[in-house]
Number of protein chains: 2
Amino acid sequence: MNVDPADGADGADRGDRADAGDTGQRSTEERIMEATFRALLEHGYCDLSIANIAEEFEMSKSSLYYHYDSKDDLLVAFLRFAAKRFEETTLSRPPSDPMADLEHLVEKLLPLEQRAEQREIQTVMSELRSQSVTNAAFREEFSDIDDLLVATIRDIVERGIEDGSFREVDSTRVAEHVVATLNGARAARATTNRETAPAAVRVSLASYLDTTLRGRR
Amino acid sequence: MNVDPADGADGADRGDRADAGDTGQRSTEERIMEATFRALLEHGYCDLSIANIAEEFEMSKSSLYYHYDSKDDLLVAFLRFAAKRFEETTLSRPPSDPMADLEHLVEKLLPLEQRAEQREIQTVMSELRSQSVTNAAFREEFSDIDDLLVATIRDIVERGIEDGSFREVDSTRVAEHVVATLNGARAARATTNRETAPAAVRVSLASYLDTTLRGRR
DNA sequence: GTCTATATTCTGATAGAC
DNA sequence: GTCTATCAGAATATAGAC
């Protein structure tokens with residue numbers, strides 16, 4: 001199984017079109033990733049088959065085997081694709097006031113009202129994450145994702161401590177708490193009908209951050 | 001699909017041995033549930049097959065179809081079995097001091113050191129929960145489980161408010177926060193290699209409860 | 001690069017003997 | 001209640017034409 005991040009597609013890639021994106025055309029690999037995304041939304045991870053993906057791809061099954069050596073290979077590539085999309089749609093923006101940054105991140109990760117696109121990527125990530133229980137490559141990827149989330153929040157908290165707007169808390173501990181709470185609430189949204197839970201957590205989390213970081217009550 | 005909680009096994013049950021457990025013998029249905037548990041641990045939900053289960057059961061595949069109408073039927077029965085086991089091993093104990101009760105519940109749900117049996121049931125529940133994304137019956141069950149967890153914590157908090165040991169907080173909001181945080185940390189344990197995360201969350205959660213419920217810092 | 005056709009294995013499920 | 005034998009369909013993957 002190929003998990004080298006430097007290799008965009010996989011070992012079966014013939015090496016042409018080394019860097020797409022400059023043209024308006026999407027590469028075949030990108031189109032396969034998009035097709036996999038749709039197939040995963042429609043069928044779920046367990047019922048995801050090469051036939052499903054080929055259907056969304058609107059090409060034959062055997063075409064997929066030209067671009068990827070195996071189903072496993074394709075899915076590992078897709079995991080990286082989905083993780084990248086997740087990070088792009090939730091992280092990274094110019095830094096401003098630390099508390100505003102925290103609130104912005106919370107809103108990105110657990111929006112009060114979810115747009116369809118965002119709900120879809122969350123659903124897919126939720127399906128993929130559960131595979132980490134039995135799949136080591138997936139487990140590595142989600143370890144990295146959570147590490148990145150914790151590091152992002154920890155950095156914001158430390159910035160707030162340095163500029164004097166936050167109290168001197170254990171930034172890692174606070175970051176771990178926030179990530180666990182957000183992940184739990186996001187899981188609730190993906191796996192239960194408890195529709196009021198995310199809003200309650202949002203309110204409680206805002207209160208927690210205000211109390212913990214600014215000492216208010 | 002049969003989801004009637006009053007019907008212990010399923011529609012295919014012939015009705016004999018209406019109430020096992022009085023004898024030392026485990027019923028065939030119980031043995032099938034145990035076999036499913038082991039097969040699920042070994043193969044994961046996606047690769048779980050009737051053949052896998054029969055192997056652990058040490059009987060033929062067709063025997064399973066005598067006791068359950070279909071694979072779906074068996075899995076819904078297993079979901080109820082696993083949920084019951086989860087609740088038995090984590091909830092319910094004689095009430096004592098509210099803060100001690102909360103700490104006890106947190107330790108049960110997110111133990112600092114996990115015994116093998118407890119890790120196994122958590123792993124299986126994690127696998128099952130992810131199926132809620134695409135399976136309505138599973139989604140209902142996990143909505144009920146989270147409802148029960150929130151209600152349990154809310155009741156403890158309200159008891160603490162009544163006896164004067166806790167401040168007058170929004171008990172539902174606090175309970176939702178704690179459940180989300182615990183579920184997130186439990187998911188991290190099941191789906192990542194971030195081994196220090198649960199302990200960090202435990203410390204932060206204890207601090208959160210002390211600050212929120214008793215106004216200390 | 002993409003296709004059709006096919007090999008092979010495994011799946012859930014059933015028939016019928018005991 | 002449990003077994004063996006078997007079915008029909010779907011799964012991953014490959015061969016070879018174009």
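Everything numeric here is computed off the predicted structure, so don't read it as measured data.
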*Nearest-0.5 Å distance, CG of residue A:Leu75 to CD1 of residue A:Ile53*: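 Separation between the atoms: 6.0 Å.
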
*Hey, what do you get for CG (A:Leu79) to CZ (A:Phe138), rounding to the nearest 0.5 Å?*
5.0 Å

*So is B:Arg38 actually on top of B:Phe57's ring, under 6.0 Å and inside 45° of the axis?*
no

*Tell me whether the guanidinium CZ or amine NZ of A:Arg194 lies under 6.0 angstrom from the six-membered ring centre of B:Phe142 and within 45° of its axis.*
no

Return the value, rounded to whole Å, for the distance between atom [atom1] of [X] and atom [atom2] of [N].
| X | N | atom1 | atom2 | value |
| --- | --- | --- | --- | --- |
| B:Lys61 | C:dT11 | NZ | P | 8 Å |
| B:Tyr65 | D:dA5 | OH | P | 19 Å |
| B:Leu74 | C:dA13 | CG | P | 10 Å |
| A:Asp47 | D:dA10 | CG | C1' | 11 Å |
| A:Tyr68 | D:dA13 | OH | P | 15 Å |
| A:Leu48 | D:dA10 | CG | C1' | 14 Å |
| B:Ile50 | C:dG12 | CD1 | P | 6 Å |
| A:Ile32 | C:dT2 | CD1 | C1' | 11 Å |

*Taking atom types as modelled, find out whether A:Glu42 and A:Asn52 have a side-chain donor-acceptor pair closer than 3.5 angstrom.*
no

Considering only [options], which nucleotide approaches the side chain of [X] most closely?
| X | options | result |
| --- | --- | --- |
| B:His67 | C:dA13, D:dA11, D:dT2 | D:dT2 |
| B:Ser63 | C:dG1, D:dT12, D:dT2 | D:dT2 |
| B:Met59 | D:dT6, D:dC3, D:dA11 | D:dC3 |

*Within the pair A:Ser60 and C:dT2, is there a side-chain N or O less than 4.0 Å away from OP1 or OP2?*
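No.
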
*Phosphate oxygens OP1/OP2 of C:dT2: is one of them under 4.0 Å from a side-chain N or O of A:Tyr66?*
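No, because none of the side-chain N or O atoms of A:Tyr66 sits under 4.0 Å from OP1 or OP2 of C:dT2.
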
*Residues, nucleotides or ligands: over 12 heavy atoms within 6.0 Å of B:Arg115 CZ*: no

*Report the C-alpha separation of A:Arg85 and A:Glu34 in whole Å, then their side-chain angles, then the decisive distance to 0.1 Å, and conclude whether the salt bridge (charged side-chain N to carboxylate O under 4.0 Å, His left out) test is met.*
CA-CA 11 Å; A:Arg85 175 168 289 196; A:Glu34 296 288 348; 2.6 Å; yes

Quick test: give all pairs of protein nitrogen or oxygen and nucleotides 16-18 of chain D nitrogen or oxygen below 3.5 Å, distance rounded to 0.1 Å.
none

